[in-house]
Amino acid sequence: MSKSLSPSAIKVQRALIEKGFSMEILELPTSTRTAVEAAQAVGCHVAQIVKSLVFKTKHSEKPILVLASGANRVNEKAIEALIGEPLGKADAEFVRQQTGFVIGGVPPLGHIQPILTFIDQDLFQFEEIWAAAGTPNAVFKLTPQALPEMTNGEIIKIT
Ligand code: 5CA
């Protein structure tokens, strides 16, 4: 494990190792806070970036994590139909409280608690994709097939 990673990126590296994965986290000198910035930083298409979008269920106020292709906009109605509850807004504080990470660095795994997760089927057209790794400068490369294994997420059409 690299000694130069920040504490939040180390949390993600540990979570990967605990699940038996060997992907290596890269902490970059440039921002990977948004999907566009992350794509520029690693030199891939924006659609190959995994956006980690946190929603809040309107009544039960539970977090929902949607792992979306960077090119896609989430159709909230599709998620609401699956969970049987409307979605409300998740603000930055809710995201930090529920995941343990700041917006722009929310990873697919390694959260404070398990979070119900949905995975965008469009990510599976690529051989490799990139996800956030705990900070707005940290990412890791993975295969789409690894995502359901590391998150127990359900693969759905999110658009
Ligand atoms: N590091 C990159 C991908 S490697 C990343 O995290 N991208 S992201 O798209 O998953 O994270 C940024 C997302 O955070 C935005 O798409 C947006 O939905 C959300 N966001 C940004 N600002 C706020 C805010 N103030 N409140 C709630 N959500 C926000």
Side-chain angles (χ1 to χ4, degrees), residues 2 5-13 15-16 21 23-58 61-80 83 86-112 115-148 150-151 153-159:
S2 167
L5 290 179
S6 65
S8 286
I10 288 172
K11 280 199 279 180
V12 182
Q13 185 79 79
L16 284 168
F21 291 104
M23 296 87 171
E24 201 181 324
I25 288 173
L26 296 180
E27 221 160 17
L28 300 168
T30 53
S31 171
T32 59
R33 194 175 60 80
T34 66
V36 170
E37 286 175 335
Q40 282 168 351
V42 302
C44 71
H45 296 290
V46 72
Q48 286 172 277
I49 298 295
V50 183
K51 292 194 285 195
S52 303
L53 304 172
V54 178
F55 294 90
K56 178 161 90 172
T57 58
K58 197 162 187 176
E61 303 199 336
K62 290 205 188 91
I64 303 284
L65 179 65
V66 179
L67 301 173
S69 163
N72 285 344
R73 194 179 139 61
V74 176
N75 171 14
E76 294 184 24
K77 297 273 171 265
I79 311 291
E80 288 168 349
I83 63 171
L87 290 176
K89 283 259 175 291
D91 63 18
E93 180 59 16
F94 181 80
V95 173
R96 200 189 53 74
Q97 275 172 3
Q98 299 293 328
T99 68
F101 298 97
V102 296
I103 282 173
V106 178
L109 77 171
H111 311 124
I112 295 173
I115 302 180
L116 181 62
T117 301
F118 295 100
I119 302 167
D120 184 350
Q121 65 179 20
D122 287 353
L123 288 166
F124 289 79
Q125 65 190 295
F126 302 108
E127 271 175 35
E128 50 191 41
I129 56 178
W130 292 80
T135 81
N137 291 83
V139 287
F140 66 100
K141 185 167 73 178
L142 68 164
T143 63
Q145 289 74 23
L147 265 188
M150 60 179 65
T151 64
E154 186 184 344
I155 301 159
I156 62 164
K157 178 174 159 64
I158 63 134
T159 51

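We count ligands from 1, going down the list as the structure has it; atoms in each ligand are counted the same way.
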Heavy atoms only, cut-off 4.0 Å: how does P136 contact ligand 1, side chain, backbone, both, or neither?
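Within the 4.0 Å criterion, P136 makes no contact with ligand 1.
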Is it the side chain (CB and beyond), the backbone, both or neither of R33 that lies under 4.0 Å from ligand 1, heavy atoms counted?
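The backbone, only.
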Can an N or O of W130 be found at a distance shorter than 3.5 Å from an N or O of ligand 1?
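No, W130 has no N/O under 3.5 Å of an N/O on ligand 1.
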A131 to ligand 1: N or O pair under 3.5 Å?
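No, there is no polar N/O contact under 3.5 Å.
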K89 side chain vs F55 backbone, donor-acceptor pair below 3.5 Å
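Checked: no pair found.
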So which atom in [X] and which in [Y] form the shortest heavy-atom distance, rounded to 0.1 Å?
X    : Y    : value
I129 : P144 : CD1-CA, 3.7 Å
A133 : F140 : CB-CD2, 3.8 Å
M150 : M23  : CE-CE, 3.8 Å
V95  : A90  : CG2-CB, 4.3 Å
D122 : S69  : CB-CB, 4.5 Å

If the cut-off is 4.0 Å to any non-hydrogen atom of [X], which atoms of ligand 1 fall inside it?
X    : value
A38  : 4 (S)
K51  : 9 (O), 10 (O)
I49  : 3 (C), 4 (S)
V50  : 3 (C)
S52  : 10 (O)
A90  : 26 (N), 27 (C)
A132 : 1 (N), 4 (S)

Could you check which of L65, V95, I103, V54 puts a non-hydrogen atom nearest to atom 28 (N) of ligand 1?
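Closest candidate by heavy-atom distance is I103.
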Verify the neighbour count for atom CD of E93: are there more than 12 heavy atoms of other residues, nucleotides or ligands below 6.0 Å?
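Counting neighbours around CD of E93, more than 12 heavy atoms of other residues, nucleotides or ligands fall under 6.0 Å, so yes.
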Please step through side-chain hydrogen bond (donor to acceptor under 3.5 Å, both in side chains) for the pair E27 and S6, ending with a clear verdict.
CA-CA 8 Å; E27 221 160 17; S6 65; 2.6 Å; yes
4.0 Å heavy-atom contact, L53 with ligand 1
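Yes; L53 lies near enough to ligand 1 that a heavy-atom distance drops under 4.0 Å.
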Looking only at protein heavy atoms, identify the closest one to atom 1 (N) of ligand 1 and say how far it is in Å.
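Ranking protein heavy atoms by distance from atom 1 (N) of ligand 1, first comes T32 O, 2.5 Å.
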May I have the step-by-step check of side-chain hydrogen bond (donor to acceptor under 3.5 Å, both in side chains) for T32 and E37, ending in yes or no?
CA-CA 5 Å; T32 59; E37 286 175 335; over 6 Å; no
